[in-house]
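Excluded from the calculations below are hydrogen atoms, water molecules and symmetry mates; all remaining heavy atoms, backbone and side chain alike, are included.
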Amino acid sequence: MTTQIELIRRQVAELHQELVRYGLVVWTAGNVSARVPGEDLLVIKPSGVSYEELTPENMILCDLDGTVVEGEHSPSSDTAAHAYVYRHRPDVGGVVHTHSTYASAWAARGEAVPCVLTAMADEFGAEIPVGPFALIGDDSIGRGIVETLDGHRSPAVLMKSHGVFTIGKDAKAAVKAAVMCEDVARTVHISRQLGDPLPIAQADIDRLNYRYQNVYGQQPAAK
């Protein structure tokens, strides 16, 4: 298991740099976590440590109650939220949180991003919904994430007056969802400056989402 944890530590440290690369975070805000496959454990960034200083060695190993198992620093202040998601969504292998500008602007309005782009239909299969306002410090944010995304296709939720949380089968998928969330939030915002965005028929959203999730990309070779 030690080798597996070392791999997850490295992946999580590297994925934090993707948040910087895509301009989704400033200073020390934001975080990526990953479930350790087959174990009731997660890896998450330390609290208040700059992105330039993040290494595999200073990633924090916690159990699914958010208690530190291994690490010299305090874990992210959002650890309780991440842990709650993992406890209640066994299908989730990665969680990401950002305060990316355009998506957080929608969150500040308490407004969902409507599904008016084929790229949104592909990745999210629906609007990007708004979750309830919740304070940091306990699992209230995690409860809001799980309740809002229950039965929803979107891997992203805009927590009201806060920012973006995304989930995925692994941490890389959750980071991708965070990148795409900011991209479409920006485009739809710009579109609204020009007029009302045109809706996409639900049947077309369904077809686009199915194709992207099941057909798009390289498929395994037939045996």
Side-chain angles (χ1 to χ4, degrees), residues 19 24-25 29-35 42 44 64-66 76-117 119-189 192 197 199-200 202 205-206 208-210 212-213:
L19 303 187
L24 305 186
V25 294
N31 38 71
V32 178
S33 73
R35 185 195 295 269
L42 66 92
I44 196 166
L64 296 192
D65 290 318
S76 166
S77 58
D78 291 303
T79 299
H82 290 240
Y84 186 94
V85 174
Y86 291 125
R87 290 200 307 274
H88 293 83
R89 288 287 301 266
D91 59 312
V92 171
V95 179
V96 171
H97 172 48
T98 79
H99 300 156
S100 60
T101 303
Y102 284 88
S104 294
W106 288 84
R109 288 176 50 83
E111 183 176 359
V113 182
C115 187
V116 294
L117 297 165
M120 282 193 70
D122 288 346
E123 180 71 22
F124 302 98
E127 68 177 14
I128 300 174
V130 175
F133 176 79
L135 295 176
I136 300 170
D138 58 20
D139 61 13
S140 298
I141 292 173
R143 290 200 304 272
I145 296 167
V146 170
E147 291 167 4
T148 304
L149 294 183
D150 182 31
H152 205 290
R153 283 177 177 163
S154 174
V157 55
L158 309 177
M159 293 302 287
K160 187 177 180 182
S161 304
H162 187 173
V164 181
F165 282 85
T166 61
I167 59 175
K169 64 180 180 179
D170 53 31
K172 183 177 180 180
V175 169
K176 178 191 175 188
V179 172
M180 296 298 292
C181 179
E182 177 65 5
D183 182 62
V184 298
R186 177 177 181 271
T187 302
V188 177
H189 168 78
R192 294 213 317 185
I200 299 175
Q202 185 61 52
I205 292 173
D206 294 342
L208 287 161
N209 184 255
Y210 178 85
Y212 187 75
Q213 300 298 330

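- Each of Pro129, Cys181, Ser104 was compared with Leu158 under the side chain to side chain contact (heavy atoms under 4.5 Å, CB included) criterion, and only Cys181 meets it.
- When only modelled atom types and interatomic distance are considered, Ser140 and Tyr84 share no side-chain donor-acceptor pair under 3.5 Å.
- The CZ atom of Arg87 sits 7.5 Å away from the CG atom of Leu64 when rounded to the nearest 0.5 Å.
- Atoms CZ and CD, on Arg143 and Glu147 in that order, are 7.0 Å from each other to the nearest 0.5 Å.
- The closest donor-acceptor contact from the side chain of Glu127 to the backbone of Val113 lies at 3.5 Å or more, if one exists at all.
- Arg35 places no side-chain N or O within donor-acceptor distance of the main-chain N or O of Leu42, the cut-off being under 3.5 Å.
- Between Met159 and the choices Val130, Val164, Ile145, the side chain to side chain contact (heavy atoms under 4.5 Å, CB included) rule is met once, by Ile145.
- The CG atom of Asn209 sits 9.0 Å away from atom CD of Glu123, with the distance rounded to the nearest 0.5 Å.
- In this structure, the separation between NZ on Lys169 and NZ on Lys176 is 9.0 Å, given to the nearest 0.5 Å.
- Using a 4.0 Å cut-off between a side-chain N of Lys or Arg and a carboxylate O of Asp or Glu, Arg153 and Asp206 qualify as a salt bridge.
- Between Asp170 and Lys172, none of the side-chain N atoms (NZ, or NE/NH1/NH2) sits under 4.0 Å from a carboxylate O, so this pair counts as no salt bridge.
- Residues Glu111 and Lys160 are not paired through a salt bridge, judged by the lack of any N-O separation under 4.0 Å between the basic side chain and the carboxylate.
- Looking at Thr166, its side chain does come within 3.5 Å of a backbone N or O of Ala174 through a donor-acceptor pair.
- Under the side chain to side chain contact (heavy atoms under 4.5 Å, CB included) rule, Ser100 has a single partner from Leu24, Asp183, Val25, which is Leu24.
- Under the ring pair (Phe, Tyr, Trp, His ring centres under 6.0 Å) criterion, His82 pairs with no residue at all, not counting sequence neighbours.
- Using a 4.5 Å heavy-atom cutoff, the side chains of Tyr86 and Val92 are in contact.
- Put simply, the side chain of Met120 does not reach to within 4.5 Å of the side chain of Thr187, judged on heavy atoms.
- The shortest side-chain heavy-atom distance between His162 and Ile136 falls under the 4.5 Å cut-off.
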Show your reasoning for whether side chain to side chain contact (heavy atoms under 4.5 Å, CB included) applies to Asn31 and Val96. CA-CA 6 Å; Asn31 38 71; Val96 171; over 6 Å; no
